[in-house]
S.K.: 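Next up is a structure, given as structure tokens.
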Amino acid sequence: MAPPVPIDQAAEAGQLADLFNSLSQALDDFRLDDHVPPIPTDQLARLKDEAQALEDRAHYFTAQAIGATLQSIQPDLANIKAVTAQAKAQVGALNDVSKVISIATSALSLGTAIAAGNPGSIAAAAKALAQTLAG
């Protein structure tokens, strides 16, 4: 029997967050839709509470995904923090709008890579931000 395939914890938690958030939204959409006959007030309140509880779970899974991502980028975390702090410092000192936009775009790419949870993309985006700051 083959050993189990390891899972990407960040990706799995992110997918769960998306699913629970979508289900929460579906409950809210159902609750707010017009119904004939109208849904009794106590049942509307119950649907609202359940939707909120599902959204809370989605936030929990998002936090788990972020935690797993941070674990996977642990060796690069100090560099990511340093380059992000440097970006903030440069933005505060610059008068060149196009340079500020370049820094913002590069920093957003880093944030997007972190949110996606791909360590290779995160390292590449951190390097790109550092190059934007240097150039």
Side-chain angles (χ1 to χ4, degrees):
M1 184 167 175
V5 177
I7 65 169
D8 180 340
Q9 293 177 350
E12 294 296 327
Q15 288 175 7
L16 285 172
D18 290 344
L19 288 167
F20 274 73
N21 192 50
S22 294
L23 181 52
S24 170
Q25 186 60 53
L27 281 178
D28 280 336
D29 291 346
F30 177 85
R31 177 177 59 87
L32 298 172
D33 199 11
D34 291 329
H35 295 277
V36 177
I39 299 174
T41 305
D42 64 323
Q43 290 180 338
L44 285 173
R46 175 77 188 269
L47 286 170
K48 183 178 180 180
D49 291 345
E50 296 298 336
Q52 183 61 53
L54 286 166
E55 187 176 341
D56 292 345
R57 297 304 180 273
H59 293 304
Y60 171 79
F61 292 130
T62 298
Q64 294 300 305
I66 291 168
T69 297
L70 290 174
Q71 243 352 85
S72 71
I73 62 170
Q74 187 91 27
D76 300 313
L77 199 52
N79 179 52
I80 292 167
K81 288 178 178 180
V83 75
T84 305
Q86 291 169 6
K88 180 181 179 248
Q90 275 197 26
V91 167
L94 288 171
N95 289 323
D96 181 350
V97 174
S98 62
K99 178 70 174 182
V100 171
I101 290 172
S102 294
I103 292 170
T105 301
S106 189
L108 182 59
S109 293
L110 175 57
T112 301
I114 292 169
N118 181 318
S121 295
I122 294 167
K127 182 178 179 181
L129 178 56
Q131 290 172 340
T132 299
L133 296 172

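These numbers come from a predicted model, not from an experiment. Computation of the quantities below employed the complete heavy-atom set of this structure, encompassing side-chain atoms and omitting hydrogens, waters and symmetry-equivalent molecules. Residue numbers run from 1 in the order of the sequence given.
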S.K.: Identify the heavy atoms of Leu54 and Ser24 that sit nearest to each other, and give their distance.
M.R.: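 Looking at all heavy atoms of both residues, the closest pair is CB-CB, 3.9 Å.
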S.K.: How many angstroms lie between OG in Ser72 and CG in Asn118, if you round to the nearest 0.5 Å?
M.R.: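 Reported value, rounded in 0.5 Å steps: 8.5 Å.
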S.K.: Between the main-chain N or O of Phe30 and the side-chain N or O of His35, is there a donor-acceptor pair closer than 3.5 Å?
M.R.: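 Here the side-chain-to-backbone pair exists.
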S.K.: Strictly below 4.0 Å, N to O, side chains only: are Asp28 and Arg31 in salt-bridge contact?
M.R.: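 Answer for the salt bridge query: yes.
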S.K.: Give, for atom CG of Leu108 and atom CG of Leu129, the distance between the pair rounded to the nearest 0.5 Å.
M.R.: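 CG of Leu129 is found 11.0 Å from CG of Leu108.
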S.K.: What distance do Glu50 atom CD and Leu23 atom CG have between them, rounded to the nearest 0.5 Å?
M.R.: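 The distance works out to 10.0 Å.
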S.K.: What distance separates Gln15 CD from Glu12 CD, expressed to the nearest 0.5 Å?
M.R.: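 It comes to 5.0 Å.
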S.K.: Does any donor atom in the side chain of Asp56 or Gln52 lie under 3.5 Å from an acceptor atom in the other side chain?
M.R.: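 Distance-only check passes for Asp56 and Gln52.
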S.K.: So which heavy atom on Ile80 is nearest to which on Ala126, and how close?
M.R.: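 So the minimum-distance heavy-atom pair works out to CG1-CB, 4.0 Å.
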S.K.: Which distance, rounded to the nearest 0.5 Å, do you find between the CD1 of Ile73 and the OG of Ser121?
M.R.: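 Reported value, rounded in 0.5 Å steps: 11.5 Å.
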S.K.: Please check if the side chain of Ser106 supplies one atom and the backbone of Ser102 the other of a donor-acceptor pair under 3.5 Å.
M.R.: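 Between the backbone of Ser102 and the side chain of Ser106 there is no qualifying donor-acceptor contact (under 3.5 Å).
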S.K.: Check whether more than 12 heavy atoms from other residues, nucleotides or ligands sit under 6.0 Å from atom CD of Gln9, and answer yes or no.
M.R.: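 Result for CD/Gln9: open.
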S.K.: Applying side-chain hydrogen bond (donor to acceptor under 3.5 Å, both in side chains), run through Gln25 and Asn21 and close with a yes or a no.
M.R.: CA-CA 6 Å; Gln25 186 60 53; Asn21 192 50; over 6 Å; no
